[in-house]
Structures are given as structure tokens and as C-alpha cells.
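Numbering starts at 1 and runs along the sequence shown.
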Amino acid sequence: MPYRRLPKTDAARLKALKTLLDNNEIYTVRNRFIDWQTLNKAQPAYDRLLTACEQYRLTMAAQIRNRNKMERSMQLAQVYLSHFIRVLLMSVERGEIKKQNLALYGLSVEEPGVPNMVSIKALTEWGKKIVEGETARLKKGGRPIYNPSIGMVNTHYDIFLTASNQQQELQNKTKRAAADVDRLRPEVDEILLDLWNQIEKHFENEPPEVRFKKCREFGVVYYYRRHEPHDY
């Protein structure tokens with residue numbers, strides 16, 4: 001014997017509600033067996049869930065698109081920053097820049113090296129330090145570093161920051177959209193449970209082959225246990 005189970009996915013919830021709402025029989029006075037109060041809740045609940053799911057889909061798609069853009073800008077920023085630091089360290093080795101100036105960039109004077117900038121947080125912090133450090137050294141009369149210049153480094157760093165901030169904003173939007181869907185699920189499930197109880201009550205005296213067929217026509221979802229014959 002098949003058993004009833006509420007939908008586990010939003011697509012299934014929407015399908016169950018739509019199947020019911022699209023069934024003209026529920027709107028006829030003579031045959032109406034679903035309470036109008038419950039029925040009047042079903043349509044707004046369907047509309048709200050459909051809108052919330054669509055909003056979540058759109059924000060997630062935008063987040064994915066921007067993530068690809070951010071990753072490309074991040075790679076370029078990492079390349080330009082690491083190259084700049086290497087040129088800076090070679091200039092120190094050649095004696096063109098005093099070793100003490102490395103402190104302006106937040107770099108170790110005792111053990112200078114290219115810092116790890118793999119994460120977004122590390123790249124954001126080191127980009128700021130390097131740009132500010134070079135600006136401070138130039139203000140003291142130091143000769144600028146070229147190939148890459150700090151201007152080119154700063155350009156790619158700013159592009160990365162913009163994409164990173166946009167990504168954070170999109171992630172926040174996606175979280176809010178997901179939370180909206182989460183808040184609607186209990187309400188929709190409660191309405192579905194009420195509707196299905198009324199539907200099954202109406203057809204409870206019908207033989208199984210008729211009862212299950214009719215209930216399915218009104219959106220009730222049944223499942224079969226493993227190895228159970230699909231008789232109805």
C-alpha cells in the first residue's frame with residue numbers, strides 16, 4: 001500500500017500546490033469539498049514561494065557569474081603584487097633600496113620574502129600594505145619601481161577589490177533569498193497537510209484504485225516502499 005509524504009523539495013511543493021489550484025473541480029459549488037479558508041491560503045502561498053524561489057535562483061546565478069569574474073581579477077592582482085614584491089626584494093639585494101624600507105610594506109626586514117596571498121583576506125591585506133608602503137617610500141624621495149609600476153599594481157588591486165565587494169554583496173543577497181524560502185516552507189507544508197487531509201477525507205470511502213487515483217489528481221503525493229507492488 002502506498003504511503004503519503006509531504007514534498008521535500010521546493011519544486012515538489014510548488015507542483016503539488018499547482019496541481020490542486022489548476023484543478024477546476026475544487027472551484028465548483030456543487031462538488032466543492034475543500035474549505036474555502038484553506039483554499040484561499042493556497043494561492044498566495046504558492047505565489048510567494050514561487051517568487052522567493054525565483055529570486056533565490058536569480059541571485060545565485062548572479063553570484064556564480066561574478067565569482068568567475070572575481071577569480072580572474074584575483075589571479076591578476078596576485079601576479080602583479082607578487083611580481084612587484086620580487087622586484088622590490090631584488091632592488092634591496094642590489095643595494096638600490098635600503099633594507100629598512102621593507103618595514104614600510106609590512107615585510108620582514110630580517111627574513112624578507114613574498115608573503116602568502118592565496119586567500120581573499122590575505123590578498124586584500126597585503127595589497128593595501130604594498131600600495132601604502134610604496135607611496136610612503138616615494139614620499140621620502142625614493143625612486144619608483146617599474147615593471148610593474150605601483151600604478152599598474154594598484155589598478156589590478158582595485159579591480160579585485162571591486163569584484164570582491166560585489167561578490168560579498170551578492171552572497172548576502174543570496175543568503176537573504178534563501179532565508180526567505182526557508183521561512184515559507186513551514187507555512188506551505190502546513191497548508192498542503194491541511195489540503196491533503198481534506199482531500200483524502202473526501203475520498204476515504206472509495207475503493208483503493210479509485211481513492212489513490214483521485215487524490216493524486218488533486219496533488220497528493222504517494223510513495224511506494226521498496227519491492228512493494230505498484231497496484232494503485
Q: Could you grab the distance from atom OH of Y157 to atom CG of L123, nearest 0.5 Å is fine?
A: 7.0 Å
**Q.** Expected output: side-chain R185 to main-chain T9 donor-acceptor under 3.5 Å
**A.** no
Q. What distance separates E204 CD from N197 CG, expressed to the nearest 0.5 Å?
A. 11.0 Å
Q: State yes or no: are the ring centers of Y3 and Y222 separated by less than 6.0 Å?
A: no
Q: May I ask you to check if R5 and Y223 form a cation-pi contact, with NZ or CZ under 6.0 angstrom from the six-membered ring centre and within 45° of the axis?
A: yes
Q: Indicate if L21 and L6 have the same hydrophobic cluster label, given that clusters are the connected sets of ILVMFWY residues with side-chain heavy-atom separations under 4.5 angstrom.
A: yes
(Q) Distance alone, cut at 3.5 Å: any donor-acceptor contact between the side chains of D194 and Q198? (A) yes
Q.
I need the single residue from Q63, K69, E71 that forms a side chain to side chain contact (heavy atoms under 4.5 Å, CB included) with R67. Which is it?
A. E71
Q: Please work out which of the three classes, parallel, tilted or perpendicular, describes the rings of F203 and F218, given edges at 30° and 60°.
A: tilted
Q.
Assigning hydrophobic clusters by single linkage (Ile, Leu, Val, Met, Phe, Trp, Tyr; side-chain heavy-atom cutoff under 4.5 Å), is M152 placed with L161?
A. yes
Q: For S73 and M70, indicate whether the former's side chain and the latter's backbone hold a donor-acceptor pair under 3.5 Å.
A: yes
(Q) Count I, L, V, M, F, W, Y as connected when their side-chain heavy atoms are under 4.5 Å apart, and connections chain through other members. Are I159 and Y80 then in the same cluster? (A) no
Q | Separation between OH of Y46 and NZ of K18, rounded to the nearest 0.5 Å | A | 4.5 Å
Q.
When you compare the side chain of C53 with that of D10, does any pair of heavy atoms fall below 4.5 Å?
A. yes
Q. Under the 3.5 angstrom rule, does the side chain of Q166 hit a backbone N or O of N66 as a donor-acceptor pair?
A. no
Q) Are L138 and L81 connected in the hydrophobic side-chain network, where two residues link if heavy atoms are under 4.5 Å apart? A) no
Q: Measure from the side-chain N and O atoms of T135 to the backbone N and O of V131, and report whether any donor-acceptor pair falls under 3.5 Å.
A: yes
(Q) Can you confirm whether Y105 is buried at OH, in the sense that more than 12 heavy atoms of other residues, nucleotides or ligands lie under 6.0 Å from that atom? (A) yes
